[in-house]
Amino acid sequence: MTREERASVEPMALFGGTFDPVHYGHLRCADEARRKLGLQHLYLLPAGSPPLRGTPQASVTQRLEMLQLACAEFPRFLVDDRETRRNGPSYMADTLQELRTGFADRPLLLLIGQDAANQLHRWHHWQSLFELANIVILTRPGAPSDYPHELAQQLQPRSVSAVQELSAARAGAVLHLEVESIDVSASKIKQLIRAGRSPGSMLPAAVLRYINEHRLYLTA
């Protein structure tokens, strides 16, 4: 596929996470990024067994069902459950390699937050990520970049400033994209639930009903 042909195909954009539970901090940030990137759709990619986090409290099935409920409010989102179906740690390098077998020349976009980007050098086979996808780092006020030298050496020469350059390259570009800061976190939601208070404004109503019906997050 030529550069011109590649630019005419919408990139496949991935936004990964534990989603335990999914909330507006995820959803509104991802939707803002989707719109700024000019994308019709964006894939939410729940980790089955996140290697750099503890075991999720909700089961895989519960997290997937909450994501599907959230997508009813954000119809441009789709759920890709491949990491939940794979045994072992959910390594992004493995996921992107698997996608590459089906989309050899299609641009892939991996969307990650600034905090995750600062730790990218701790990811499994992290240097191979640049060979497999373009990386979009979602920046926000109050969350500065803090890259160690070895990571900065990889990011700086790959940096692009125009969204259009992400469509022209199948992989290897890095774009910093500013999004609105939303003060919502899964840990804050769980704290409120354990205290008997409602986190209603922090996540879709259908997701909150699901949490209440299944009595999730009542204990630490």
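Worth knowing before you read on, the calculation uses all heavy atoms, side chains too, and leaves out hydrogens, waters and symmetry mates.
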Please check this pair: side chain of [X] against backbone of [Y], looking for a donor-acceptor N/O pair closer than 3.5 Å.
{"X": "Arg82", "Y": "Thr95", "answer": "no"}
{"X": "Arg158", "Y": "Gln154", "answer": "yes"}
{"X": "Thr18", "Y": "Asp20", "answer": "no"}
{"X": "Arg106", "Y": "Glu10", "answer": "yes"}
{"X": "Glu32", "Y": "Glu180", "answer": "yes"}
{"X": "Ser90", "Y": "Ser49", "answer": "yes"}

Nearest heavy-atom pair of [X] and [Y]: which atoms, and what distance?
{"X": "Pro21", "Y": "His26", "result": "O-CE1, 3.5 Å"}
{"X": "Leu39", "Y": "Pro11", "result": "CD2-CD, 3.9 Å"}
{"X": "Leu138", "Y": "Ala33", "result": "CD2-CB, 3.8 Å"}
{"X": "Pro107", "Y": "Ala169", "result": "CB-O, 3.5 Å"}
{"X": "His23", "Y": "Ala186", "result": "NE2-N, 3.4 Å"}

Decide yes or no for [X] and [Y]: does some side-chain heavy atom of the first lie under 4.5 Å from some side-chain heavy atom of the second?
{"X": "Tyr217", "Y": "Ile189", "value": "no"}
{"X": "Pro199", "Y": "Gln191", "value": "no"}
{"X": "Leu52", "Y": "Gln119", "value": "no"}
{"X": "Leu192", "Y": "Met202", "value": "yes"}
{"X": "Val79", "Y": "Pro46", "value": "yes"}
{"X": "Leu42", "Y": "Leu109", "value": "no"}
{"X": "Val160", "Y": "Asn134", "value": "no"}
{"X": "Phe103", "Y": "Arg170", "value": "no"}

| query | Less than 4.0 Å between a side-chain N and a carboxylate O, is that true for Arg209 and Glu213? | reply | no

| request: Salt-bridge test for Arg34 and Asp31: reply yes if a basic N is under 4.0 Å from a carboxylate O, no otherwise. | output: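 Yes, Arg34 and Asp31 are salt-bridged.
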
| task | Could you walk me through whether Asp183 and Arg140 pass the salt bridge (charged side-chain N to carboxylate O under 4.0 Å, His left out) test, one step at a time? | result | CA-CA 11 Å; Asp183 187 22; Arg140 62 187 192 279; over 6 Å; no

| field | Result of checking Lys190, Gln62, Gln57, Arg63 against Leu216 for side chain to side chain contact (heavy atoms under 4.5 Å, CB included) | value |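 Answer after filtering Lys190, Gln62, Gln57, Arg63: Gln62.
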
| Between Leu208, Val207, Leu203, which is the residue that forms a side chain to side chain contact (heavy atoms under 4.5 Å, CB included) with Met66? | Val207

Linked, directly or transitively: [X] and [Y] (ILVMFWY side chains, under 4.5 Å):
{"X": "Tyr24", "Y": "Ile211", "result": "yes"}
{"X": "Leu175", "Y": "Phe15", "result": "yes"}
{"X": "Val179", "Y": "Phe74", "result": "yes"}
{"X": "Leu45", "Y": "Leu108", "result": "yes"}
{"X": "Val163", "Y": "Leu111", "result": "yes"}

| query | Around Arg194, counting heavy atoms of other residues, nucleotides and ligands shown, do more than 12 lie under 6.0 Å from its CZ? | reply |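 Correct, the count exceeds 12.
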
| Any chance CD of Gln40 has more than 12 other-residue heavy atoms, nucleotides or ligands included, within less than 6.0 Å? |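 Enclosed.
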
| request: Please work out which of the three classes, parallel, tilted or perpendicular, describes the rings of Tyr91 and His124, given edges at 30° and 60°. | output: parallel

| task | Indicate the ring-plane relationship of Trp126 and Phe130, choosing parallel, tilted or perpendicular according to the 30° and 60° boundaries. | result |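 It falls in the perpendicular class, over 60°.
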
| task | Please assess Ser59 against Thr61 for the test side-chain hydrogen bond (donor to acceptor under 3.5 Å, both in side chains), listing each intermediate value before the final yes or no. | result | CA-CA 5 Å; Ser59 69; Thr61 297; 4.7 Å; no

Spatial distance of atom [atom1] ([X]) from atom [atom2] ([Y]) [nearest 0.5 Å]:
{"X": "Met92", "Y": "Ser128", "atom1": "CE", "atom2": "OG", "answer": "11.0 Å"}
{"X": "Ile137", "Y": "Ile112", "atom1": "CD1", "atom2": "CD1", "answer": "5.0 Å"}
{"X": "Thr101", "Y": "Leu99", "atom1": "OG1", "atom2": "CG", "answer": "7.5 Å"}
{"X": "Leu44", "Y": "Leu64", "atom1": "CG", "atom2": "CG", "answer": "10.5 Å"}
{"X": "Arg35", "Y": "Arg76", "atom1": "CZ", "atom2": "CZ", "answer": "11.0 Å"}
{"X": "Leu96", "Y": "Ile135", "atom1": "CG", "atom2": "CD1", "answer": "8.5 Å"}

| Under 3.5 Å, is there a donor-acceptor pair linking the side chains of Tyr210 and Gln68? | no

| task | Go through Arg86 and Glu98 one step at a time and tell me if the side-chain contact (heavy atoms from CB on, under 4.5 Å) criterion holds. | result | CA-CA 11 Å; Arg86 197 168 62 220; Glu98 182 180 338; 3.4 Å; yes

| request: For the pair Leu27 and Val22, evaluate side-chain contact (heavy atoms from CB on, under 4.5 Å) and give the outcome as yes or no after the intermediate values. | output: CA-CA 8 Å; Leu27 298 166; Val22 62; 3.8 Å; yes

| Would Gln114 and Asn118 count as a side-chain hydrogen bond (donor to acceptor under 3.5 Å, both in side chains) if you check the C-alpha gap in whole Å, the side-chain angles of each, and the deciding distance to 0.1 Å? | CA-CA 6 Å; Gln114 184 66 68; Asn118 291 340; 3.0 Å; yes

